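Here, residue 1 is the first one in the sequence, and each next residue gets the next number. From a predicted model like this one, the values you see are computed outputs, not experimental measurements. Values reported hereafter were calculated over all heavy atoms of this structure, with side chains retained and with hydrogens, waters and symmetry mates removed.
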Amino acid sequence: MTVLLREAIGDRLRHARTNQRRTLRDISRAARVSLGYLSEVERGQKEASSELLASICEALELPLGELLHKVAADVSALDKVEVAPVEEVETAPGQTVADRGEAGFEGGRLVSELIGDDLSDLRLQPAPRMNTTLRTTIGAPKLASTIAA
């Protein structure tokens with residue numbers, strides 16, 4: 001799985017900002033960057049210069065080296081993820097997968113017992129009947145308590 005550097009940086013910047021419960025407007029003023037441009041950087045649509053990144057990091061009180069270290073760990077972890085091909089199911093016009101009596105999407109639940117400010121804290125716990133042989137996380141999760149599966 002390939003991830004773009006600008007997307008990984010944007011994710012980390014947004015994560016840092018939202019963890020501090022600060023608004024785009026607050027950070028854009030402190031960093032002296034337009035609100036629209038900062039939004040595009042966070043969404044991974046614009047590639048920020050080193051000067052701009054330094055200014056945003058200063059506004060977030062986040063050392064630039066720490067941001068880059070976390071982004072490098074994210075990119076490294078995501079490069080090792082293999083995505084399985086999705087089998088397409090054809091249905092008759094107007095018919096859904098549920099109408100055919102087949103299982104569709106099987107989801108999990110959010111795990112609220114995780115703490116910290118890493119993206120690894122945003123993990124999905126799979127439903128009990130799902131195959132748990134492949135689980136992707138970014139970094140080592142920090143558990144507040146043991147999770148019973």
Side-chain angles (χ1 to χ4, degrees), residues 1-89 91 96-98 103-149:
M1 173 178 221
T2 303
V3 63
L4 296 176
L5 183 59
R6 69 174 187 256
E7 292 173 346
I9 289 171
D11 286 344
R12 278 294 175 176
L13 290 173
R14 175 171 284 163
H15 187 72
R17 178 181 59 78
T18 56
N19 272 354
Q20 295 176 15
R21 301 208 184 328
R22 294 174 69 186
T23 64
L24 273 170
R25 186 173 310 283
D26 178 35
I27 300 302
S28 70
R29 284 181 181 158
R32 296 183 178 183
V33 176
S34 78
L35 187 133
Y37 193 79
L38 179 58
S39 175
E40 289 178 313
V41 168
E42 280 192 0
R43 287 181 281 140
Q45 294 177 338
K46 294 287 183 183
E47 192 98 33
S49 68
S50 58
E51 292 88 359
L52 181 64
L53 276 179
S55 180
I56 295 169
C57 284
E58 187 176 324
L60 288 167
E61 298 176 359
L62 171 68
L64 181 59
E66 183 178 332
L67 170 74
L68 296 176
H69 178 74
K70 287 181 177 183
V71 167
D74 294 347
V75 170
S76 177
L78 288 172
D79 279 344
K80 297 174 187 170
V81 174
E82 290 183 26
V83 179
V86 176
E87 183 180 318
E88 295 204 17
V89 178
T91 59
T96 66
V97 174
F105 175 78
E106 184 177 327
R109 63 180 174 82
L110 284 176
V111 178
S112 60
E113 294 86 0
L114 298 170
I115 57 173
D117 67 349
D118 289 333
L119 290 180
S120 61
D121 301 336
L122 304 174
R123 294 179 54 193
L124 288 178
Q125 178 69 31
R129 66 179 194 219
M130 288 179 68
N131 182 355
T132 59
T133 56
L134 175 63
R135 231 183 244 181
T136 60
T137 60
I138 301 173
K142 299 175 198 126
L143 297 174
S145 62
T146 306
I147 300 171

Can you measure from [atom1] ([X]) to [atom2] ([Y]) and round to the nearest 0.5 angstrom?
X	Y	atom1	atom2	answer
Leu68	Leu53	CG	CG	7.0 Å
Leu13	His15	CG	NE2	11.5 Å
Ile56	Ser49	CD1	OG	8.5 Å
Thr23	Leu35	OG1	CG	8.0 Å

Between [X] (side chain only) and [Y] (backbone N and O only), is there a donor and an acceptor less than 3.5 Å apart?
X	Y	answer
Arg6	Lys46	no
Ser28	Arg25	yes
Arg17	Arg22	yes

Considering only heavy atoms from C-beta outward, does the side chain of [X] approach that of [Y] to under 4.5 Å?
X	Y	answer
Arg12	Leu62	no
Leu38	Ile27	yes
Asp11	Asp74	no

Which atom of Ala31 lies closest to which atom of Ser55, heavy atoms considered
O-OG, 2.6 Å
Applying side-chain hydrogen bond (donor to acceptor under 3.5 Å, both in side chains) to Arg43 and Ser39, what does each step give before you reach the verdict?
CA-CA 6 Å; Arg43 287 181 281 140; Ser39 175; 3.1 Å; yes
Looking at Glu58, I'd like to know if its CD atom is crowded, meaning that more than 12 non-hydrogen atoms belonging to other residues, nucleotides or ligands lie closer than 6.0 Å.
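No, CD of Glu58 has 12 or fewer neighbouring heavy atoms, counting only those of other groups under 6.0 Å.
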